[in-house]
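A short write-up of the structure that comes next.
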Amino acid sequence: MTTIIDTSIYSEAFDNVLNQKALSEGILQKKQKALQQFEQLGIPNMKNEEWKNTYLAKYLKKGFQPGLVKKDLSKTETIAEILPSLTENINRIVIIDGLFSQELSQIHPSIQYNIFSTSHCWSEDIQNANQIFSSLTDEKKQSLTSLNTALSQDGVFIEVVEGGSAHVELLIVQTGSDIISMPRNIIQVGKNAYLNIAEQHILIEGHSMTNMVAEIVMEENAKIEWVKIQDAGDQYHLIDSSYVSQKENSRYHCTTLSLTGDLLRNQQYIQIAGEQAHADLGGIYILENQQQADNIIVIEHQVPNTTSNQLYKGILDGSSTGVFNGKIIVVEDAQKTDAYQSNKNILLSDDAAVFTRPQLEIYADDVKCSHGATSSQIEDYESFYLRSRGIGKELSKALLMFAFVADVVEEIENTTLKEWVKSRISTKLKIDL
Amino acid sequence: MLKINNLKAGIAGKEILKGLNLEVNAGEVHAIMGPNGTGKSTLGNVLSGKDGYDVSEGSALLEGVELLELSPEERAQLGLFLAFQYPVEIPGVSNANFLKASINEIRKSKGQNPISAPEFLKLLREKMELVEMQKDFISRSVNVGFSGGEKKRNEILQMAMLNPKLAILDETDSGLDIDALRIVANGVNKLRTNDNAFIIITHYQRLLDYIVPDFVHVMYDGRIVKSGDKSLALELEEKGYDWIKEEVEAL
Ligand SMILES: Nc1ncnc2c1ncn2[C@@H]1O[C@H](COP(=O)(O)OP(=O)(O)OP(=O)(O)O)[C@@H](O)[C@H]1O
Ligand SMILES: [Mg+2]
């Protein structure tokens with residue numbers, strides 16, 4: 001099953017990328033170090049625990065290569081037409097093939113936040129961004145993240161200043177080139193500050209792969225609500241890795257909705273490093289055909305009195321695959337940790353498969369950790385109730401599927417984000433009420 | 001309206017309905033009583049088309065149409081309604097959306113257009129009043145977190161909204177307090193017309209003080225073994241079922 005992939009193409013790509021832009025010595029060093037780390041780690045294969053059920057080489061063999069992305073302004077107009085309509089007062093950030101699009105982004109000036117392209121931070125030496133860059137990812141030794149660190153050319157830096165708030169729409173657009181795009185995002189949410197992000201992916205044509213990384217630093221009492229909608233069609237491939245560091249009393253809530261894609265892999269590495277901080281991770285994947293969605297979560301409770309909650313629900317049809325790896329680490333002194341994890345799936349077809357692996361590494365004695373996983377079908381007696389009200393078999397099934405994932409949606413506090421997720425699920429399930 | 005002839009049905013290899021006959025005409029209310037486990041809920045389920053039952057013999061015609069060959073939704077679309085003994089919870093789907101889906105699916109089956117929003121709201125408001133239901137129930141998820149009595153009242157709301165020809169109420173009175181019982185009974189009484197009919201499955205004569213039945217039947221061992229008017233219910237209340245069992249066994 002394992003394929004050896006020649007990594008020399010990555011080194012070559014690296015030289016090209018570096019030649020492009022004057023980078024400060026610090027950034028350059030981080031990138032060089034990351035390249036070395038990547039070369040050591042290699043492309044993950046199925047012998048790697050975290051990739052046991054994901055045959056990455058199969059997707060790479062479709063022709064995706066690392067390389068230098070060049071800005072192609074000729075496509076701007078076509079892309080502009082495809083983008084969803086603008087919502088007032090929301091900052092729109094458009095990343096095309098891994099490059100920040102100045103033309104299509106729309107940022108409202110404010111003293112509450114700063115939004116720059118990552119490349120701007122690198123060339124202009126924006127200190128806080130550059131300090132965060134690679135600081136959370138380095139030690140995790142994820143080879144694709146190292147690759148992103150080395151080869152990324154751009155992305156977005158969002159800083160919400162102390163007490164400020166920002167609403168952001170993040171559009172990850174892929175034109176369909178054979179180059180694996182590597183957006184690199186850096187997020188810093190200051191004390192008592194709030195950020196909400198509505199993220200979605202758009203594929204213009206052909207097929208595409210995105211290897212996106214975000215480093216997220218949350219100060220005391222900061223709050224993030226992030227919704228990621230992955231519905232760019234079955235020619236889309238995504239590896240999305242988020243590295244989060246949380247200080248006292250901060251709240252991180254991320255909900256991922258995986259609807260279409262050949263491979264949608266979500267990796268969340270959360271360090272809860274301040275007391276009373278809480279991390280909430282929700283996920284819904286509704287899959288069919290050959291689609292695969294992975295959710296890899298590692299939550300590290302590093303101090304006492306912190307909480308986390310993982311709630312993932314999947315509905316799988318056709319010969320689709322779902323992978324859930326949820327790891328909870330509670331270090332020795334992190335007493336009174338309260339960590340909950342649940343992964344529930346409905347399998348609609350015999351060929352669909354789900355691989356669920358809860359992992360608990362608990363080194364403290366006074367903690368509450370619970371995890372559960374179930375795999376079920378839609379119950380006949382439930383379906384009968386709806387049908388006895390005149391609702392046809394298909395719509396009954398769809399409504400019950402909606403009901404199955406509803407608790408994940410209900411956890412979203414922001415009503416705009418919640419309604420957005422609801423409507424995307426309804427559309428997916430063909431519920432038209 | 002409904003004509004059940006020699007209905008035999010079972011589940012998991014066990015025969016439960018053993019040749020049941022019943023005729024219900026438009027404008028009538030029939031009560032079915034009988035000891036636990038004699039097949040009352042089974043009758044409701046088989047008529048409504050629940051999966052898993054084997055019907056080995058007999059027929060059930062609703063206005064001349066054979067119900068037993070139809071899907072549950074087709075039966076509902078024809079005007080059959082079953083108020084469940086144990087209503088199902090549907091998280092994330094509001095009562096309003098559920099009712100709208102239901103009404104529109106029924107309309108679609110008749111080639112009608114979906115109900116307009118104002119028309120729907122008007123109807124809903126009117127029927128909510130009928131069952132004295134608080135406004136916030138409209139936006140709450142179907143039956144989620146409803147008390148036992150609220151679930152039953154919600155069944156009556158659904159019935160009122162769908163305006164069926166024949167409604168079967170399976171122990172809708174169980175677990176209701178006096179006020180709720182009155183509300184449910186009131187709802188049924190207001191919905192009674194010369195064109196529809198009700199089958200009310202109950203264990204308690206009390207309900208029949210509120211909803212006065214035209215006929216009372218006793219079901220025993222998968223059959224209707226005795227029928228009478230409302231005085232039969234009073235007699236059962238007084239004497240229990242032993243005398244009926246004895247009568248049946250004497251035959
Ligand atoms: N799935 C099943 N498998 C086996 N037996 C069943 C099944 N469902 C019902 N039965 C049996 O069928 C018989 C009739 O059940 P039913 O629920 O119709 O009774 P009932 O008259 O409604 O009783 P109650 O007054 O307690 O509600 C019972 O003996 C019951 O155990
Ligand atoms: Mg019963």
Side-chain angles (χ1 to χ4, degrees), chain A residues 255 257 282-284 286 311 313-315 342 344 346 374 376-413 415 417-433, chain B residues 44-45 47-53 70-94 96-110 114-115 117 120 141-144 151 154-155 157-159 161-164 167-168 170:
Chain A
T255 308
L257 180 60
I284 295 170
I286 303 175
L311 183 57
K313 292 213 163 164
I315 299 170
S342 158
K344 293 185 176 161
I346 288 183
T374 59
S376 57
Q377 263 109 35
I378 286 175
E379 299 289 345
D380 279 344
Y381 74 89
E382 294 176 325
S383 165
F384 173 58
Y385 185 67
L386 285 90
R387 295 175 72 190
S388 77
R389 300 301 180 248
I391 301 175
K393 204 174 174 176
E394 286 306 309
L395 183 55
S396 294
K397 188 171 141 191
L399 287 170
L400 289 170
M401 294 200 283
F402 190 94
F404 175 69
V405 301
D407 53 350
V408 182
V409 183
E410 290 306 324
E411 299 259 306
I412 303 171
E413 274 176 52
T415 42
L417 291 178
K418 188 194 286 192
E419 290 309 313
W420 185 44
V421 170
K422 270 191 190 171
S423 83
R424 293 299 286 260
I425 296 173
S426 300
T427 307
K428 171 77 184 184
L429 296 175
K430 302 194 179 76
I431 297 171
D432 177 22
L433 295 178
Chain B
N45 290 338
L47 288 179
S48 313
K50 186 173 180 175
D51 262 356
Y53 294 94
L70 303 177
S71 68
E73 57 271 30
E74 286 168 330
R75 300 180 199 205
Q77 289 157 4
L78 276 182
L80 182 70
F81 182 90
L82 174 67
F84 280 49
Q85 190 170 0
Y86 304 106
V88 169
E89 299 184 1
I90 316 173
V93 179
S94 71
N97 279 340
F98 181 65
L99 286 167
K100 208 189 291 166
S102 176
I103 287 176
N104 283 338
E105 289 276 286
I106 291 172
R107 289 172 77 117
K108 194 168 80 184
S109 76
K110 296 178 177 150
I115 190 166
F120 174 75
S141 297
V142 181
N143 292 328
V144 178
K151 282 182 183 167
N154 203 27
E155 293 292 285
L157 173 68
Q158 291 175 13
M159 178 176 82
M161 291 293 287
L162 300 183
N163 191 24
I168 304 168
D170 190 359

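Computed over heavy atoms, backbone and side chain alike; hydrogens, waters and symmetry mates excluded. In what follows, chains carry the letters A, B, and so on, assigned in the order in which the sequence lines appear, proteins first and then strands, with residues in each chain numbered from 1.
Interface remark: B:Phe98 contributes backbone and side-chain atoms alike to the contact with chain A (heavy atom separation under 4.5 Å). Residue contact with chain A, scored on non-hydrogen atoms closer than 4.5 Å, is absent for B:Ala117. With a threshold of 4.5 angstrom between heavy atoms, A:Lys422 does not approach chain B through any atom at all. Interface remark: B:Ile90 contributes backbone and side-chain atoms alike to the contact with chain A (heavy atom separation under 4.5 Å). In this structure, the portions of A:Leu399 lying under 4.5 Å from any heavy atom of chain B include both its backbone and its side chain.
In terms of non-hydrogen atom pairs under 4.5 Å with chain B, the most contact-rich of A:Asp407, A:Ile391, A:Ile431, A:Leu400 is A:Ile391. Interface check for chain A: of the options B:Ala76, B:Pro72, B:Ser71, B:Pro114, the most heavy-atom pairs under 4.5 Å are formed by B:Pro72. Contact tally against chain B (heavy-atom pairs below 4.5 Å) for A:Gly390, A:Ser383, A:Ala406: the top residue is A:Gly390. If you tally non-hydrogen atom pairs under 4.5 Å between each of B:Gly49, B:Ser141, B:Ser109 and chain A, the highest count goes to B:Gly49.
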Test salt bridge (charged side-chain N to carboxylate O under 4.0 Å, His left out) applied to B:Glu105 and A:Arg387, step by step
CA-CA 10 Å; B:Glu105 289 276 286; A:Arg387 295 175 72 190; over 6 Å; no

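We find that A:Lys393 and B:Glu74 are not joined by a salt bridge, their nearest charged nitrogen and carboxylate oxygen being 4.0 Å or further apart. Contact check on A:Glu413 versus A:Lys418 returns no salt bridge, with no Lys/Arg side-chain nitrogen under 4.0 Å from an Asp/Glu carboxylate oxygen.
A cation-pi arrangement is present between A:Lys313 and A:Phe404 under the rule of less than 6.0 angstrom and at most 45 degrees off the ring axis.
Atom NZ of A:Lys344 sits in a sparse spot, with 12 or fewer heavy atoms from other residues, nucleotides or ligands closer than 6.0 Å.
Side-chain contact check for A:Val405 versus A:Ile315: some heavy-atom pair is nearer than 4.5 Å.
In this structure, the ring of B:Phe84 has its center less than 6.0 angstrom from the ring center of A:Phe384.
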